[in-house]
Amino acid sequence: METKVQDRKVPKHLQKFVVDQQYEKYTPIDHAVWRYVMRQNHHFLKDTAHEAYVDGLKASGIKIESIPNVDEMNESLSPFNWGAVNIDGFIPGVIFFDFQAYGFLPIASDIRKLENIQYTPAPDIIHEAAGHAPILLDEKFSEYVKLFGSIGSKALATKEEHELFEAIRTYSNLLESGTGTAEEIEKSKENFEQKQKEIKGLSEAEKISRLYWWTVEYGLVGTVDEPKIYGAGLLSSVSEGRNSLTAAVKKIPFDLHEVIHTGFDITKPQPQLFVCRDFEELIDAVNELASTMAYSVGGTESLEKALKSNHTATIVYSSGLQVTGTLANLVKDQNGEVTYIGFAGPTALAFEDVQLRGHGKDTHTEGYSSPVGKIKGKHTPLEDWSDKELAEHGVVLNSVTTLEFEGGITITGEVSNIVQEKGKILLISFKKVRVIGQNLEQQFEEYDMAVGASIVSVYAGAADSEEFYADLEEVEQKPLVQEELTHLEKLYGTVRDIRENELDVNKAEQRLEEVIADLSLHFPNDWLLRVEVLELLTQHNILASLRPLIGKELEILQSSDEEINVLVERGLKIIHH
């Protein structure tokens, strides 16, 4: 699937997560849920949301009356240097942020069920499209989200956090799908809670996640006394959007330290929200956080973060050489500084984000290992040695030489190749190599030694994503199952057709009488279609004798459930507005 933004394709490694929206899958009830939420939110948010919201809805190709087509959104967002792609629910944080860094809004196109109309913990198109897209038309906020994407995609998570992500995805999908048994849901919840307990410390991925949550998802802008809504979670939730501006939710002036030390629960309403002064403050904050991350700091501390991650990461030597793989082993000297680095499984080498020829995963299939540091007795780092210095030390093609590093690692072998880029030595390849160090002794027939006095950067993901993830399996496209509409779905479809197309009043009255009778006889618990029918009767001043019947049925439903009471009241307010 080749989605484009101003002739710019989705990068290959991200295309694998893009699936077809299958617009035909939406039922008349799905469109009714979208319409109800959007009308509620638009009515409330036109006065309480950031000024970009109302115009942003239209400009991003989002309609109030029906679920948006992601391809049309992509086209509408193009002039603003954004695009939209359809994905299948939860995706890893690194991938999600990568999409945004490239200027693509990933949209999960499933829609919440009627019983979850106020809020759903699982990603859905109301949240992804109507929540995220409109505010992107503000230039500063757009800059923030793209910058955040490029930084967030580099954040290192722990092994336990990766496991928690999978547990949350499973639990949320079970809650929203409606197909899980009570036992399955409870078991999934227990697993999710157990994985949550196993999280220790505060990783940079968690810090990034919290900053994203309290800004892009649940942010307020302005002053504590007069805030405006811009967070997607608030812009897409009937209940939380309204509650966010009441005294029930504590408002806290934005502070980076406070934000990253405040956790959140995706399954519950937020008890407090942070109010930023403006979007420039957010840009400053994410840059400040970035300066503390492994990709900015480098060194032993950063390597240890990658080791705990147990996932694909890239380390960058001071020469500029980039090594991508799963870090598995670190050898340290007596001062606790890393002197030797080992990767497990397929590993690739790159320079300036381009894979070095002959050094992809197909070459380094069983892992990769190499020293780091200066050569003992030499002030100049090996990467900066001149041809003369190389020759003096015996680093000459087809010659056997020994390199002794300050950290205690010794490499002995026959030089077979020297790779240089932009005046820096990146690799020295050997034949028949012996590697010796404290508690370390290895022998290789062929050995590509990384060159670099230090590790200047460590980050999640690959240096050359296009090459490294070339063999990544595509997300499986779910087959489009065109099931026969249920009786209730057909009734919703009839009402929608009357609202959008019926011009003959007598015919409309006849069709609506049939719907009302059907509702009374077969669907005593459906409140939304009754609200839609009452809206048509009121707007067109027809079937006055049947309005009390619908009103009475709605009153019965309202008295039976507090949530339905609130939803119906809000629906009736829109009718009479």
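Small disclaimer: the values here were computed from a predicted structure and weren't measured. Only this structure's heavy atoms are used, side chains among them; waters, hydrogens and symmetry mates stay out.
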Decide, yes or no, whether a salt bridge links [X] with [Y] under the criterion of side-chain N to carboxylate O below 4.0 Å.
| X | Y | result |
| --- | --- | --- |
| Arg35 | Glu532 | yes |
| Lys207 | Glu204 | no |
| Lys140 | Glu281 | no |

Quick one: are [X] and [Y] in side-chain contact, heavy atoms under 4.5 Å?
| X | Y | answer |
| --- | --- | --- |
| Lys25 | Asp110 | yes |
| Thr170 | Asn191 | no |
| Val10 | Val85 | yes |

With side chain to side chain donor-acceptor pair (under 3.5 Å) as the criterion, how do Arg242 and Gln40 come out once you've worked through the C-alpha distance, each side chain's angles and the decisive distance to 0.1 Å? CA-CA 10 Å; Arg242 291 173 182 269; Gln40 288 292 316; 3.0 Å; yes
Quick one: do Glu143 and Glu280 satisfy side chain to side chain contact (heavy atoms under 4.5 Å, CB included)? Show the steps, please. CA-CA 9 Å; Glu143 179 184 342; Glu280 192 71 56; 5.5 Å; no
State the [atom1]-[atom2] distance between [X] and [Y], to the nearest 0.5 angstrom.
| X | Y | atom1 | atom2 | value |
| --- | --- | --- | --- | --- |
| Met73 | Trp82 | CE | CH2 | 11.0 Å |
| Gln510 | Leu543 | CD | CG | 10.5 Å |
| Asp518 | Leu488 | CG | CG | 9.0 Å |
| Glu555 | Ser560 | CD | OG | 12.0 Å |
| Ser142 | Lys146 | OG | NZ | 4.5 Å |
| Leu14 | Lys12 | CG | NZ | 12.5 Å |

Is a side-chain N or O of [X] found less than 3.5 angstrom from the main chain of [Y], in a donor-acceptor match?
| X | Y | value |
| --- | --- | --- |
| Gln21 | Ser109 | no |
| Asn287 | Ala290 | no |
| Glu513 | Leu546 | no |
| Ser237 | Leu234 | no |
| Glu553 | Arg530 | no |
| His261 | His257 | yes |
| Asp497 | Thr494 | no |
| Gln270 | Lys268 | yes |
| Asp124 | Ile111 | no |
| Lys228 | Asp47 | yes |

Shortest non-hydrogen contact from [X] toward [Y]:
| X | Y | answer |
| --- | --- | --- |
| Asn525 | Leu557 | CA-CD2, 3.6 Å |
| Leu235 | Gly131 | CD1-O, 3.5 Å |
| Gly149 | Ala101 | C-CB, 3.5 Å |

Can you confirm whether more than 12 heavy atoms, excluding those of [X], are under 6.0 Å from its [atom1] atom?
| X | atom1 | result |
| --- | --- | --- |
| Lys573 | NZ | no |
| Lys187 | NZ | no |
| Glu226 | CD | no |
| Gln272 | CD | yes |
| Lys251 | NZ | yes |
| Glu483 | CD | no |
| Glu24 | CD | yes |
| Glu75 | CD | no |

Hey, mind stepping through Leu245 and Leu220 against side chain to side chain contact (heavy atoms under 4.5 Å, CB included) and telling me if it holds? CA-CA 9 Å; Leu245 300 183; Leu220 298 174; 4.2 Å; yes
Test side chain to side chain contact (heavy atoms under 4.5 Å, CB included) applied to Phe254 and Thr215, step by step: CA-CA 9 Å; Phe254 179 87; Thr215 60; 3.8 Å; yes
Test of ring centre spacing under 6.0 Å for [X] and [Y]:
| X | Y | answer |
| --- | --- | --- |
| His31 | Tyr492 | no |
| Tyr212 | Phe97 | yes |
| Phe99 | Phe96 | no |

Ring pair (Phe, Tyr, Trp, His ring centres under 6.0 Å) assessment of Phe279 paired with Tyr230: CA-CA 10 Å; Phe279 297 142; Tyr230 73 88; 5.1 Å; yes
Run the side chain to side chain donor-acceptor pair (under 3.5 Å) test on Trp214 and Thr262 for me, step by step, so that the C-alpha distance in whole Å, both residues' side-chain angles and the decisive distance to 0.1 Å come before the verdict. CA-CA 9 Å; Trp214 296 120; Thr262 303; 5.1 Å; no
Distance under 6.0 Å and angle within 45° of the ring axis: does Lys63 meet both against Trp34? no
Walk me through it: do Leu211 and Val216 pass the test side chain to side chain contact (heavy atoms under 4.5 Å, CB included)? CA-CA 8 Å; Leu211 179 57; Val216 179; over 6 Å; no
Parallel, tilted or perpendicular: which fits the ring planes of Tyr53 and His42, with parallel below 30° and perpendicular above 60°? tilted
